[in-house]
Each structure stands twice: as C-alpha cells, then as structure tokens.
Amino acid sequence: SELTNFDVTGLPADATLASGASLELTIAPKSGLDRTSAKTYSDTLTVTATGGISPVSKTVALKFDVADKETVTFTGFENKTVTYGESYNMETAVPSAEGITPVYEYKDSAGNVVAKPTAAGTYTVTVRVPDTNADYAGEATATLTINRKELTITGIAVGDKVYDGTVNAMDKVSGGTLNGVVNGEAVGFNITSADFNSKDVNTARTVAIVAALTGNADVLANYTLTQPAAVAARITPKPVTLTVTAEDKVYDGTVNAVVQ
C-alpha cells in the first residue's frame, strides 16, 4: 500500500522479479511535507515476495527528521542616515550561506509596516531569510534615519522708513527666494515679522526677519527652515512742520514781533 510520508521508486511495473535477481528501491520523503519547523515523520515499509514455497516478507521502519534550521548571519547591513530627497539603499545584506535571497521589511516609529520609506523619520529595517526556506533561518535589524531637509531664504530686501516710534518694518519688506525644495514640491514661505533693532533714528541699522514655511502639513514635515539673515536698513528723521502767526504792531523802531 502507498506510504503516508515517503515515496518509493524502483518497483517493477508488473511487480515481478526473476529468480535470483536483486531489487534496489529508492525511498525519499514526500516533497509536500512541512519542513519549516523541527519534527519527525515515520512510516513502515513491508516488501513481500510470493511465488515460492511460502511468502517471504521484509519490513523496514522509515524515519525522516526535520532538524532545526541552520542560523544565518548577515554582513554589509548597517545603520544609515540620509537627508530627505537623497537616494539610499538599505537592501545590501549578504547572508552567510549561499543560495539565499533575503527579504526586507520596513517599520515606522509606531511599529507599522510600510513600503520603502521616503518621508523624514526614523525606521527599523529587518532583513531575514524567507520563511519558506527549508534549511536556513535568521534575521538582522538596522536603523534608517531620514533627516528633514534644511531650506534657506535669500534675496530679501528692506527699504528705509521714516521714524514712527516703532520698530515694525513689515511694509518695507520685499523679494525673497526659497532654496532647497525637493522635486518642485509645493512649498512656500511667509514673512511673519520684520523688526528694526531700534526704533530710534541714530541707532536703527538692521532689520531681523522671521519667516514660516507654507504648504501641505505632510510635505512640510520633511523640511526645516533656516531663518534669513538680518537685512541692513535705516530709520530716517521725520520732517516736522512749524506753523506760527505774527500779530500786527504799531511802529516802534524795532524788528521785534509777537507770534502765536
């Protein structure tokens, strides 16, 4: 009868064997047996020869042990730090055993499995032997850090203003170019404040600029902004108009006059 866990080949098609002839059978574990964990498969093979004075039987106990898988280590797989927008390759691990194609898994800081990441953040990358490999097991982890990209603003100009008792220079600010945005992403900026270093004419020399990025929050999470350098500008004196009225007078031989 057919065995449960083993295949037997080599039996004659007509199940007959000439007198004095020998028979060599090949016995192998069936290909469909689960080899992913340690276990033992067994069967009993009985061969009976008939046609003589009395039947002759031979029984063989068969056993197939699935041993624990050999542990594989990896080289060439290390922590990596890049800046948003830069290319990288984490899938460089070399297994210690030949013939293995490792698989990779990326997880975000919350432990969620993600596709190969491009957004700024910290990720855990795991390389492992595929679970379907019957002979080997093993895994290793590394950290992938994608830093936010730093943007700068250049070309801001500030015009002089007439003294008004404040340091505010917002209405005198113009121009400005945002530098470093990746792949033309929709990122802009607004000037949120522009203040002279003093409200007084004699000491006002520079204007401190504060800016903020604008755009989709998910996109902005990949960037930081370096604030613009202070811009040179001055506060000029405010012209003053004096209005007076002189009273008429009777001739007294002098140029003196009474004014109001």
Side-chain angles (χ1 to χ4, degrees), residues 1-13 22-47 57-149 182-183 218-219 221-224:
S1 62
E2 183 178 353
L3 300 178
T4 302
N5 299 313
F6 295 84
D7 290 322
V8 179
T9 56
L11 288 171
S22 62
L23 178 66
E24 182 175 329
L25 302 178
T26 300
I27 303 171
K30 291 189 174 183
S31 60
L33 296 179
D34 181 13
R35 291 168 165 82
T36 59
S37 58
K39 61 182 64 178
T40 298
Y41 297 96
S42 59
D43 258 323
T44 299
L45 173 64
T46 300
V47 178
S57 295
K58 180 66 175 179
T59 299
V60 179
L62 305 176
K63 186 171 73 170
F64 173 45
D65 289 322
V66 179
D68 288 334
K69 296 181 180 182
E70 181 178 340
T71 300
V72 168
T73 59
F74 296 91
T75 57
F77 184 62
E78 299 175 343
N79 298 336
K80 190 179 296 292
T81 298
V82 297
T83 299
Y84 175 70
E86 291 182 346
S87 62
Y88 68 88
N89 183 15
M90 289 295 294
E91 300 179 11
T92 57
V94 178
S96 57
E98 295 182 355
I100 297 173
T101 301
V103 295
Y104 294 84
E105 179 183 75
Y106 298 84
K107 288 185 178 181
D108 61 19
S109 57
N112 301 310
V113 176
V114 296
K116 183 179 178 180
T118 58
T122 301
Y123 303 88
T124 300
V125 185
T126 301
V127 58
R128 62 168 57 92
V129 178
D131 293 338
T132 55
N133 191 297
D135 301 311
Y136 298 99
E139 68 176 37
T141 60
T143 299
L144 167 65
T145 302
I146 303 178
N147 289 326
R148 300 169 73 179
K149 185 172 186 184
V182 173
N183 297 329
D218 289 339
V219 175
N222 297 311
Y223 295 100
T224 60

Measure the spacing between CG of N147 and OG1 of T224 and express it to the nearest 0.5 Å.
9.0 Å
With a sphere of 6.0 Å drawn around NZ of K116, does it hold more than 12 non-hydrogen atoms of other residues, nucleotides or ligands?
yes
Is the backbone of G76 close enough, under 3.5 Å, to the side chain of T92 for a donor and an acceptor to pair up by distance?
yes
Look only at the side chain of S96 and the backbone of T73, and say whether a donor-acceptor pair between them is shorter than 3.5 Å.
yes
Do you know the tightest heavy-atom contact between A221 and A120?
O-CB, 4.0 Å
Test T81 against Y88 for side chain to side chain contact (heavy atoms under 4.5 Å, CB included), laying out the working first.
CA-CA 9 Å; T81 298; Y88 68 88; over 6 Å; no
Before you tell me yes or no, could you show the steps for K107 and T126 under side chain to side chain contact (heavy atoms under 4.5 Å, CB included), namely the whole-Å CA-CA distance, both residues' side-chain angles and the distance that decides it to 0.1 Å?
CA-CA 8 Å; K107 288 185 178 181; T126 301; over 6 Å; no
Worked verdict on L3 versus V8 for side chain to side chain contact (heavy atoms under 4.5 Å, CB included):
CA-CA 8 Å; L3 300 178; V8 179; 3.7 Å; yes
Rounded to the nearest 0.5 Å, the NZ atom of K80 sits from the CG atom of N89 at a distance of 7.0 Å
Checking the side chain of K69 only, and the main-chain atoms of N133 only, is there a donor and an acceptor separated by less than 3.5 Å?
yes
Between the side chain of D43 and the main-chain N/O of N5, is any donor-acceptor distance below 3.5 Å?
yes
Strictly by modelled atom types, are T59 and T46 linked by a side-chain donor-acceptor pair under 3.5 Å?
yes
Which heavy atom of F74 sits nearest to which heavy atom of A140, and what is that distance?
CD1-CB, 4.1 Å
Does the side chain of I27 reach to within under 4.5 Å of the side chain of L62, using non-hydrogen atoms?
yes
Could you measure the distance from the CG atom of N79 to the CG atom of L144? Nearest 0.5 Å is fine.
9.0 Å
Show, in sequence, the C-alpha distance, side-chain angles and deciding distance for K149 and V182, and conclude whether the side chain to side chain contact (heavy atoms under 4.5 Å, CB included) test is met.
CA-CA 9 Å; K149 185 172 186 184; V182 173; 3.8 Å; yes
Is there a side-chain contact between E105 and V113 in this structure, where contact means two heavy atoms from C-beta onward sitting under 4.5 Å apart?
yes
Please enumerate all residues that pass ring pair (Phe, Tyr, Trp, His ring centres under 6.0 Å) together with Y84, with sequence neighbours excluded.
Y223
If you take all heavy atoms of E78 and M90, which pair is closest and at what distance?
O-CE, 3.5 Å
Counterpart residues, side-chain hydrogen bond (donor to acceptor under 3.5 Å, both in side chains), relative to S87 (two or more places apart)
none
Could you tell me which non-hydrogen atom of P95 sits nearest to which non-hydrogen atom of I100, and how far apart they are?
CG-O, 3.8 Å
Flag side-chain contact, heavy atom, 4.5 Å: F77 against V125
yes
Enumerate the ring pair (Phe, Tyr, Trp, His ring centres under 6.0 Å) contacts for residues 94-147, please, sequence neighbours excluded, ordered by first and then second residue.
none
Looking only at non-hydrogen atoms, find the nearest pair between P102 and P130 and report the distance.
CA-CD, 4.4 Å
Side chains of T83 and I146 in contact at under 4.5 Å (non-hydrogen atoms):
no
